[in-house]
Amino acid sequence: MKKKWYIMVVAALVAVVFSGCGKAGNENISAGMEMIASLEYDGALASFQTAREAKEDERLILRGEGLAYMGKTMYEEASQSFEQALSLSNGKVVGLDYDINYYLATVYYKLGEKDKAAGVYDAITALKSDARDAYYLRGVIRTEQGNLDAAKEDFDSTIALNSKDYDRLIEIYSVLAANGFREVGQEYLQAAMDAGTKDMTNYEKGRICYYLEDYENARTYLEKGRDESGYEAVLFLGKTYEILGDNNYAISVYNSYLDSGEENPQVYNQLGLCKMNMGDYQGALNAFQAAMKVEENGMIQTLKMNEIIAYEYLGEYRQAEVLMGSYLKTYPDDQMAQREHTFLKTR
């Protein structure tokens, strides 16, 4: 029985989606991939069918179809497409095989097949001893399964391969914290600080201090780094002031960034949440609605829900109900929203 490799999609792999699709004779595949990038999944599937009729590369067609099905959350169909693509391999493992397996792995994860996932990571690390993503993602699976010792082995291997990847270090902390192992995650962060910070930016030091709950030092570093690291440093600096109880200064941090001409939905959203905590529900609503006007916005769902909550706090239950009905048409699987919609109908 052939091995199916499992890997969850990570940011570094996004660019791989288009690899191998632009060569001559695969015009319909390229068109389909462009539609996937625009979230036009049905159009992409139609384009891939046209590509099949035109005798374009079948492995790339199947991969594209798998990605389109993933976009439609049709994971069984996606797995079938990816598995068929893998079955067309000539037996020599190349970049495309890894790529397809990365996405197939995401499907397995969505289907809840975590035990199979762990076995797949075994296969990956057996072939590539420097596969940092495989170690990390197997560690994620083991953490979720409560197997802390095994998870730490994988995270230790991940860090050993690049001890200065502080983004990944914080991802490790976040996974551990989310699964009830916050103190273990903080041990990793403290070890990085103890090893020396000369290679860290002020933003990186501030962010690590933030997660270590060392908010005074976090504030100091993030103040130094707010002009170096864009909106990320602004977000962490503002949230640090919120935790320290200075909501007014936190709001000034967010507004200062936004008034500089930068438009960022995450900063607007955090501004709205801060104002919500202060009881300024109209100000919060204005912030959420301003965020939704930012183009290429990846957090529309969150913003729409926050907008509804703001209307609720304002006592405008009818408007909240109307917006919730529209929200559920777009996000029908949100069970919490369904319950909230039922509540709103009774107001």
Side-chain angles (χ1 to χ4, degrees), residues 3-20 63 67 70 82 86 89 92-110 113-179 181-201 203-205 207-208 211-212 229 232:
K3 296 177 181 177
K4 299 185 179 72
W5 299 339
Y6 173 98
I7 235 178
M8 290 181 289
V9 177
V10 292
L13 298 174
V14 173
V16 184
V17 172
F18 294 96
S19 65
R63 182 186 71 161
L67 290 170
M70 283 178 67
F82 291 136
L86 290 174
S89 171
K92 181 180 179 180
V93 178
V94 296
L96 182 60
D97 294 291
Y98 284 101
D99 173 57
I100 294 171
N101 277 291
Y102 291 153
Y103 293 110
L104 176 60
T106 303
V107 173
Y108 287 155
Y109 186 80
K110 292 290 187 179
E113 299 180 6
K114 294 183 180 181
D115 287 332
K116 180 184 293 186
V120 173
Y121 287 121
D122 293 340
I124 295 174
T125 55
L127 289 172
K128 297 186 67 175
S129 60
D130 62 346
R132 292 182 64 239
D133 289 333
Y135 288 117
Y136 165 70
L137 293 166
R138 186 171 62 188
V140 171
I141 295 294
R142 288 173 167 172
T143 302
E144 292 176 351
Q145 293 178 325
N147 190 347
L148 181 60
D149 289 340
K152 288 180 66 177
E153 288 182 10
D154 282 327
F155 293 148
D156 289 346
S157 296
T158 304
I159 294 169
L161 287 165
N162 186 349
S163 62
K164 294 180 174 56
D165 186 346
Y166 302 115
D167 287 334
R168 178 52 55 84
L169 178 66
I170 288 174
E171 288 172 357
I172 289 171
Y173 160 80
S174 298
V175 169
L176 288 165
N179 287 277
F181 305 112
R182 179 181 299 276
E183 291 183 359
V184 176
Q186 289 180 328
E187 289 173 6
Y188 279 105
L189 299 179
Q190 189 62 57
M193 295 294 286
D194 292 344
T197 61
K198 66 177 182 178
D199 294 315
M200 295 184 189
T201 65
Y203 166 63
E204 288 167 340
K205 287 182 280 190
R207 189 166 52 147
I208 289 175
Y211 287 121
L212 284 170
S229 302
E232 294 97 339

Atom pair [atom1]/[atom2] of [X] and [Y] - distance to nearest 0.5 Å:
{"X": "Ser174", "Y": "Leu169", "atom1": "OG", "atom2": "CG", "value": "9.5 Å"}
{"X": "Tyr136", "Y": "Asp165", "atom1": "OH", "atom2": "CG", "value": "10.5 Å"}
{"X": "Gln145", "Y": "Asn179", "atom1": "CD", "atom2": "CG", "value": "10.5 Å"}
{"X": "Lys198", "Y": "Lys205", "atom1": "NZ", "atom2": "NZ", "value": "12.0 Å"}
{"X": "Ile172", "Y": "Asp167", "atom1": "CD1", "atom2": "CG", "value": "11.5 Å"}
{"X": "Asp97", "Y": "Leu104", "atom1": "CG", "atom2": "CG", "value": "11.5 Å"}

Could you report the tightest heavy-atom contact between [X] and [Y], atom names first, then the distance?
{"X": "Asp154", "Y": "Gly139", "answer": "OD2-N, 3.5 Å"}
{"X": "Arg132", "Y": "Thr158", "answer": "NE-O, 3.4 Å"}
{"X": "Ala134", "Y": "Thr125", "answer": "CB-CG2, 4.0 Å"}
{"X": "Lys114", "Y": "Tyr109", "answer": "CE-CE1, 3.9 Å"}

Determine whether a donor-acceptor pair (N or O, by modelled atom type, separation under 3.5 Å) exists between the side chain of [X] and the backbone of [Y].
{"X": "Asp99", "Y": "Gly95", "answer": "no"}
{"X": "Thr197", "Y": "Met200", "answer": "no"}
{"X": "Ser163", "Y": "Ile159", "answer": "no"}

Exercise answer: donor-acceptor pairs, residues 183-191 side-chain atoms, under 3.5 Å, sequence neighbours excluded:
from, atom 1, to, atom 2, distance (Å)
Gln186, NE2, Tyr211, O, 3.0
Gln186, NE2, Glu213, OE2, 3.2
Tyr188, OH, Lys152, O, 3.4
Tyr188, OH, Asp156, OD1, 2.8
Gln190, NE2, Asp194, OD1, 2.9

* Scan Asp122, Asp115, Asp133 and name whichever one has a salt bridge (charged side-chain N to carboxylate O under 4.0 Å, His left out) with Arg138. => Asp122

* Asked: Heavy-atom distance under 4.5 Å between the side chains of Thr106 and Met70, does that happen here?
  -> yes

* Assess Arg207 against Tyr166: is NZ or CZ under 6.0 Å from the centre of the six-membered ring, and within 45 degrees of the ring's axis? =>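 Judged by the rule (NZ or CZ under 6.0 Å from the ring centre, within 45° of its axis), Arg207 is not positioned above Tyr166.
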
